[in-house]
2 protein chains.
Amino acid sequence: MRKENSTNAINEQFLFQVCELNSAIAMISGRWKSQIVYSISQGNNRFHLLKKELPNISEQVLGRQLRELETHAIIIKREIPETVPSGIEYVLTNKGIDLVPVLEKLCDWGKTYADGKAIAVCSDLINSSR
Amino acid sequence: MRKENSTNAINEQFLFQVCELNSAIAMISGRWKSQIVYSISQGNNRFHLLKKELPNISEQVLGRQLRELETHAIIIKREIPETVPSGIEYVLTNKGIDLVPVLEKLCDWGKTYADGKAIAVCSDLINSSR
DNA sequence: GCAATAGCTAACAAAATTGTGAGCCGCAAA
DNA sequence: TTTGCGGCTCACAATTTTGTTAGCTATTGC
């Protein structure tokens with residue numbers, strides 16, 4: 001996100017002010033990002049573990065997304081103490097931890113309406129008019 | 001989203017298969033989109049009402065986002081019966097209605113951690129190591 | 001020494017999203 | 001009959017996101 005004062009950036013800011021919903025979505029959208037958060041919450045909290053989980057991701061992209069998640073204070077990068085080749089792990093902040101159940105809600109919603117099952121307008125509306 | 005079999009599109013598909021979470025996020029991310037859903041749920045269910053609510057949006061963009069929301073079966077477009085200049089309204093489907101509380105959860109999460117307040121790793125982790 | 005593992009990053013290219021300019025239809029009021 | 005509202009859409013340009021190529025440090029194992 002290399003901003004400027006383009007219309008795009010201005011509109012983004014506008015939405016951020018309308019409701020935190022928009023900044024929340026900005027933080028979790030982006031390819032791989034929420035999947036990374038979820039994977040970390042499941043224990044895949046090291047660079048190489050994430051790489052294994054997401055076989056198609058390139059290291060550059062993974063590093064970039066991790067940095068962004070760190071910027072948004074969803075995760076924190078830590079050296080694992082007392083490891084000789086000095087490992088790095090990613091830990092969810094409390095912000096990140098609170099995000100997980102919300103992601104699960106989103107996931108449930110996605111599952112419920114996967115494919116195209118059971119889509120309808122609010123009952124009475126379907127069988128009226130055209 | 002004019003897909004192809006670009007790496008980008010392939011990775012998107014990969015994530016969709018990993019978890020519905022990713023398809024859910026793909027449906028609600030995108031500038032204005034979730035704000036539109038929320039606005040419709042609040043009663044701003046006509047083109048011109050949405051335009052008023054979102055002063056910076058261009059009509060082209062609004063129309064496009066509405067179309068995408070329709071494609072994802074989150075909203076449905078209906079003619080309002082018995083109106084003489086034949087008005088159009090947008091109605092949330094049950095899928096859309098179920099989405100609203102999830103958006104509210106996201107919003108709450110965003111509010112809780114707005115600015116940079118109270119970010120910390122899981123208690124004990126802060127005051128250890130470097 | 002040489003390869004492998006872990007953990008990255010910069011610079012660039014490709015693809016996707018977002019915004020702009022212009023225009024179109026039907027209807028109604030002035 | 002011209003203006004204005006409501007409701008859009010197309011083609012194109014600007015911006016942003018995503019992916020690629022190449023590299024770099026440090027340590028372990030052979």
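Each chain gets a letter, A, B and so on, in the order the sequences are listed, and its residues count up from 1.
Atom CD1 of A/Ile36 and atom C1' of C/dC8 are 14 Å apart (whole Å). Atom CD1 in A/Ile88 sits roughly 13 Å away from atom C1' in D/dT27 (whole-Å rounding). When the P atom of D/dG6 is taken as reference, atom CD1 of B/Ile80 falls 12 Å away, rounded to whole Å. Taking atom CZ of A/Phe14 as the reference point, atom C1' of C/dG19 lies 15 Å away to the nearest angstrom. Nucleotide D/dA11 holds its C1' atom 17 Å from the CD atom of B/Glu59, rounded to whole Å. We find that CD of A/Glu79 is positioned 13 Å from C1' of C/dC8, with the value rounded to whole Å. Rounded to whole Å, the distance from CD on B/Glu70 to C1' on D/dT9 is 14 Å. For B/Leu62 and C/dT18, the CG to C1' distance is 13 Å, given to the nearest whole Å.
Between A/Ser6 and the phosphate of C/dT18, there is no side-chain N or O to OP1/OP2 separation shorter than 4.0 Å. Listed pair B/Tyr90 / D/dC8 meets the phosphate criterion, a side-chain N or O lying under 4.0 Å from OP1 or OP2. Distances shown here put a side-chain N or O of A/Arg67 below 4.0 Å from the OP1 or OP2 atom of C/dT9. For the pair B/Asn11 and D/dG19, the criterion of a side-chain N or O lying under 4.0 Å from OP1 or OP2 is met. The side chain of A/Trp32 contributes no N or O atom lying less than 4.0 Å from OP1 or OP2 of D/dT17.
Using a 4.5 Å cut-off on side-chain heavy atoms (C-beta onward), A/Leu62 and A/Ile36 make contact. Contact annotation: the side chain of A/Leu69 never approaches that of A/Tyr90 to less than 4.5 Å [non-hydrogen atoms, C-beta and beyond]. Side-chain contact between A/Ile25 and B/Leu106 is present, with heavy atoms from C-beta onward closer than 4.5 Å. In this structure the side chain of B/Val18 reaches within 4.5 angstrom of the side chain of A/Gln35, judged on heavy atoms.
Judged purely by distance below 3.5 Å, without hydrogens or angles, the side chains of B/Tyr113 and A/Asn94 never pair a donor atom with an acceptor atom. There is a side-chain donor-acceptor pair under 3.5 Å between A/Glu20 and A/Ser23.
Considering only the side chain of A/Gln60, D/dT20 comes nearest among C/dT18, D/dT18, D/dT20.
No side-chain donor-acceptor contact under 3.5 Å links A/Lys77 to the backbone of A/Leu66.
Nucleotides of DNA chain C nearest to A/Val61 and A/Thr7 differ in position, and the one nearer the 5' end is that of A/Val61. Comparing A/Arg64 and A/Asn8 by the nucleotide of DNA chain D whose heavy atom lies nearest to each, the residue mapping closer to the 5' end is A/Asn8.
Among the heavy atoms of the strands lying under 4.0 Å from A/Ser58 is at least one base atom, whether or not backbone atoms are also near. Across all strands, A/Lys77 comes closer than 4.0 Å only to sugar-phosphate atoms, never to a base (heavy-atom distances).
When the options A/Leu49, A/Asn45, A/Ile76, A/Ile40 are evaluated for a side chain to side chain contact (heavy atoms under 4.5 Å, CB included) with A/Glu89, the one that passes is A/Asn45.
Within residues 41-51 of chain B, the residues that have a heavy atom under 4.0 Å from DNA chain D are, in order of number, B/Arg46, B/Phe47, B/His48.
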